[in-house]
Novice: 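First the structure, which I've put down as structure tokens, then a few questions once you've had a look.
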Amino acid sequence: MNIADGTQVASHIQHDKPRGLARWLFATNHKDIGTLYLWFSFAMFISGGVMALGIRAELFSPGLQFWQPELFNQLTTLHGLVMVFGAIMPAFTGLANWMLPLMIGAPDMAFARMNNWSFWLLPPAALLLMISFWVPGGAAAAGWTLYAPLSTQGGMGTDLTIFAIHILGVSSIMGAINIVVTVLNLRAPGMTLMKMPMFAWASLITAYLIIAVMPVLAGVVTMVLTDRHFGTHFFNAAGGGDPVMYQHIFWFFGHPEVYIMALPAFGIVSQVIPTFARKPLFGYTSMVYATSSIAILSFMVWAHHMFTTGMPATAQLFFMYATMLIAVPTGVKVFNWVATMWEGAMTFETPMLFAIGFVMLFTIGGLSGVILSVAAVDIQLQDTYYVVAHFHYVLVAGALFSLFSAVYYWFPKMTGKMYSEKLGQLHFWWSLVWFNITFFPMHFLGLAGMPRRIPDYALQFTDFNAIASVGAFMFGFGQLIFFYNMVRSIRHGQPAPQKPWEGANTLEWAIATPAPYHSFVVAPQLEVGDNGVILEMKGGEHH
Amino acid sequence: MLPLRLALIVSALSPGVVLAAELNLQPPVTSVARSIYDLHTLLLYITVAIVVIVFSVMFYAIIRHRKSAGRSAKQFHENTTVEIIWTAIPLLILVGMAWPATQAILAQKSTRGEDMTVKVTGYQWKWQYDYLDDGVAFMSHLTTPRDGTLKTAGGPYLLEVDEPLVVPTGKKVRLLLTANDVIHSWWVPALGVKQDAIPGYVRDTWFKVDKPGVYRGQCAELCGKDHGFMPIVVDARSPEDYQQWLAAKKVAAAAKAEDPNKVWTLPELMARGEKVYLQNCVACHMANGAGVPGTFPALAGSKIATTDKPGHIDMVLNGSKKNAAMAAWGKQLSDTEIAAVISYERNAWGNNTGDAVQPKDIKAARGGKV
């Protein structure tokens, strides 16, 4: 594609910056769409967070205080679905939308109108999920995994959830196709694949995972739908079906999904740490290969979520060995990040704090994952609070912390303003402390024998539950610091320089701040080092 | 809750004493649970060591290699030797973990050579235990009152049942698990057993309890509204005590069995007969007694079910000579059940004969044949 073509430039110049509601409704500019994605995912993060606080309120002490078990199950189910599909995935897509074109020298995402469509599918899907609480029978209550045959029971809330998943899936697939085509086709001359930023690599590989597995999820929930309403027996043994087949299909989606939420985080951290260590990323090439091998291995480990279904010993052994193997490339990444810090000249602005917090807590979550990979031990810990602790270390301290890091890191480039560093640091330390107070005790609860997804519990679990609930409320309210900081800084923040971070050297920092509405309408000629470091830039035109 | 708060305060003063049981896996009482416990301890040491090493290096860098300490960054960015080493070492550690893990898995999965077998069926929201070798079967329900007061029926809150699974110590107990409705999971931490109970399929697992005691667990797979309220209690007794319990259980079961000489009223027979009908007859004769025209004869308004009482009894007891599809139910059902179902058929769907067939009639009709 010849983006330097003269006629195209002319047509771009005539694009004025649209105003009012139309700017957002008919948005085709990657920056506007990225902004929409980020605000949407923040709204979902708050909604899912309120559900989480509902769960923790009930679990503060034994007995049923606030909700009946039915509603409790609906809260756990929707909390998971909203956070995974509404908050984390769209947030990463939003960041990719905003930053990828700037980091690789593209004028926009490859399919600007499809980009609009893939965002605007999200609000109706979210609406379906939210209104399902008020339909007869309430929302889906079979857990975010929607295991059959439990999910074939229940009211129309489950059907709304299935349709919501269909829509969210279509949205993610379109977003992913856009990322793949943008990264593969629209890189500026000189920005070769083995030089481009890790964030671009991570987004590219994640996009492939999304395209591979979202249809699988859509398929399996459709099978639940036809079992519910059209007389099929996919998951009903009495009709020749198999309930365990649901789990196989679901987790064939579900495990790559874990990496869909983790790989972009790896990408972000691989940009932030070098910037604040003022050093190149250690082992760029091995990072690319490690990310790819994690993605490939993620397709071969799904049944480690199913060790208690009673599969044969040989299957348990295969999935255990394959799962343990993932620790090797993941370990390489952690070592590379530490080596990047080593002998650096580090400063600790908010993005760096969140990135270091990510490395620490993701390592803990990864190691509890290694413990869980051992099938014999997993038998004891499966479906307990130990697992809840494990995946919140990976998804909250992992995915969410990396998102905070990214938002603080690129906030000046996006808005042209500086965020309040003081509030940012407060947000980090607050989140770090209360996160651990919330989720670390859950390891003990799981070890001691507390199952997950129960609204009431035996008395020996009281103390740690009380501690976790207090932590959750404090963590939750702490996010208002972030919200306040963002809103206040967008309105009244200090003007940001073109390159607010001394060590930042990727392409997005080589253009004006805030990023021009139409950036790189003429592609620059680049000389690029590992991890997208710009050694020389010629040309490039913005409007 | 005050005692618990006190316990927490005490435990904070003397860590490892009071809270010990809450911080780690429950004390194991089977070889499998012990292997899990030891394996977890080993893994914990290894992972803690990794955390300590990695974090030490990282914190050293954070403290020493900072700009405010006057550092300037070295610009190295790769080192093949180092990268090979830190790929190989984790691999070796994993191999070291995999070896004992494999042993433990093979032991867990080895269900052969059992001394007794119990079939476990998960229901929404209770468990059924069938002692297949001894013909004893019962349901096990939560007994904690559900009035929101934290009151119990004598056992621990939410972990008490009316009928625990009683097993002998020192014997290999094989469980066959299935479910009636959705997937449940039978989990007793101290036994190291967690196995999903899957509707329509049978899975097996096993345990051999070392010492007598009461071990408690819960359903571990989300199974709907009352998932949190279907606990599991295993009462392990010495083989002698177990035999005594079993004998008493059999006597109690026999005492509950129906007296064949009892004279039933018609409403009693109708109620009982409907159950028998729905379990055994409904597939062919249909719930409305209309049968399937051309294949299975109707009972509603039929000659045999309205007038020919001895013929009706004979047909149910001995089956049809003309149509092999009509089985000889005398071999499968008790006198009471046959009397009840015949009474039901002669009075349901407008048959209104008023006939109350008694168990002794059936006994007489059998004529010493069975």
Side-chain angles (χ1 to χ4, degrees), chain A residues 62-64 69-70 143 147 149-150 237-238 243-244 277-283 286 308-310 313 316-317 320-321 324 327-328 331-332 334-335 338 341-347 363 367 370-371 374-377 379-380 382-383 444 447-449 451 453-456 458-460 462-463, chain B residues 4 8 22-26 36 39-40 43 47 50 54 57-58 61 65-67 71-75 77-78 83 86-87 90-91 94 98 101-102 104-106 108-109 148 150 156-159 182-183 185 189 192 194-196 198-201 203 218 220-228:
Chain A
L64 294 178
E70 309 82 289
Y147 272 13
L150 183 60
V244 179
R278 293 162 178 79
K279 247 188 83 192
L281 179 69
F282 187 91
S286 70
T308 61
T309 55
Q316 286 200 354
L317 292 174
M320 176 177 79
Y321 299 148
M324 290 172 117
V328 176
V332 166
V334 171
F335 300 145
V338 175
M341 296 184 209
W342 190 256
E343 299 271 20
M346 279 187 276
T347 51
T363 301
L367 288 170
V370 172
I371 291 179
V374 174
V377 177
I379 296 284
Q380 192 71 286
Q382 150 99 26
D383 267 322
F444 302 131
L447 287 168
R453 294 167 166 166
I454 57 173
D456 194 4
L459 302 181
Q460 67 264 35
T462 307
D463 297 317
Chain B
L4 276 160
L8 185 73
E22 285 186 25
L23 289 169
N24 203 346
L25 293 166
Q26 294 181 15
I36 294 172
L39 201 51
H40 174 259
L43 294 172
T47 49
I50 294 171
V54 174
V57 175
M58 192 165 76
H65 304 156
R66 52 166 69 210
K67 198 183 173 201
R71 303 281 304 194
S72 58
K74 299 243 169 79
Q75 294 301 309
H77 57 89
E78 56 192 6
E83 291 180 63
W86 72 36
T87 307
L91 208 56
L94 289 172
T102 304
I105 289 167
L106 294 177
Q108 271 176 359
K109 298 299 286 186
L150 303 190
Y157 180 67
L158 294 183
L159 295 178
V182 300
I183 300 174
S185 192
K194 184 187 287 148
Q195 173 59 53
D196 291 359
I198 299 161
Y201 289 80
R203 295 285 196 265
Q218 287 177 266
E221 182 63 61
L222 179 62
C223 57
K225 182 170 82 70
D226 280 354
H227 163 55

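Sequence lines set the chain letters: A, B, ... in the order given, protein chains first and strands last, and positions in each chain run from 1.
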Novice: What part of B:E83 is in contact with chain A, defined as an atom under 4.5 angstrom from a non-hydrogen atom: side chain, backbone, both or neither?
Specialist: side chain
Novice: Where on B:S72 is there a heavy atom nearer than 4.5 Å to chain A: the side chain, the backbone, both, or neither?
Specialist: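 It is the backbone, since no side chain atom gets that close.
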Novice: Among all residues two or more places apart in sequence or in another chain, which pass the side chain to side chain donor-acceptor pair (under 3.5 Å) test with A:T347?
Specialist: A:R278, A:E349
Novice: May I ask you to check whether A:T308 and B:D196 show a side-chain donor-acceptor distance below 3.5 Å?
Specialist: yes
Novice: At a 4.5 Å cut-off on heavy atoms, which part of A:P455 comes close to chain B: side chain, backbone, both, or neither?
Specialist: side chain
Novice: Counting only heavy atoms closer than 4.5 Å, note whether A:M324 contacts chain B via side chain, backbone, both or neither.
Specialist: both
Novice: Quick one: list whatever passes ring-ring contact (aromatic ring centres under 6.0 Å, His included) with A:F444, sequence neighbours left out.
Specialist: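 Applying ring-ring contact (aromatic ring centres under 6.0 Å, His included) to A:F444 gives A:F440, A:F464.
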Novice: Which region of A:L150, side chain (C-beta onward) or backbone (N, CA, C, O), has a non-hydrogen atom less than 4.5 Å from a non-hydrogen atom of chain B, or is it both or neither?
Specialist: both
Novice: Can you tell which part of B:L222 gets under 4.5 Å to a heavy atom of chain A, answering side chain, backbone, both or neither?
Specialist: both
Novice: Using non-hydrogen atoms and a 4.5 Å limit, figure out which bit of A:Y321 sits close to chain B: side chain, backbone, both or neither.
Specialist: side chain
Novice: With a 4.5 angstrom heavy-atom cut-off, could you sort out which part of A:A238 is near chain B: side chain, backbone, both or neither?
Specialist: neither
Novice: Heavy-atom distance under 4.5 Å to chain A: side chain of B:K194, backbone, both or neither?
Specialist: both
Novice: If you count heavy-atom pairs under 4.5 Å between each of A:L367, A:L64, A:V374, A:I454 and chain B, which one has the most?
Specialist: A:L367
Novice: Can you say whether B:I36 sits under 4.5 Å from chain A via the side chain, the backbone, both, or neither, judging by heavy atoms?
Specialist: both
Novice: Find the one option among B:E78, B:Q195, B:H227 whose heavy-atom pairs under 4.5 Å with chain A are most numerous.
Specialist: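 With the most close heavy-atom pairs to chain A, the winner is B:Q195.
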Novice: Of the backbone (N, CA, C, O) and the side chain (C-beta and beyond), which part of A:T363 lies under 4.5 Å from a heavy atom of chain B, both, or neither?
Specialist: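 Side chain only.
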Novice: Could you tell me which portion of B:P156 (side chain, backbone, both or neither) has an atom closer than 4.5 angstrom to a non-hydrogen atom of chain A?
Specialist: neither
Novice: Given heavy-atom pairs under 4.5 angstrom as the criterion, report whether the side chain, backbone, both or neither of B:I183 touches chain A.
Specialist: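 Contact with chain A is through both the backbone and side chain of B:I183.
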Novice: Checking A:V377 against chain B: side chain, backbone, both or neither under 4.5 Å from a heavy atom?
Specialist: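 For A:V377, the contact with chain B is made by backbone and side chain together.
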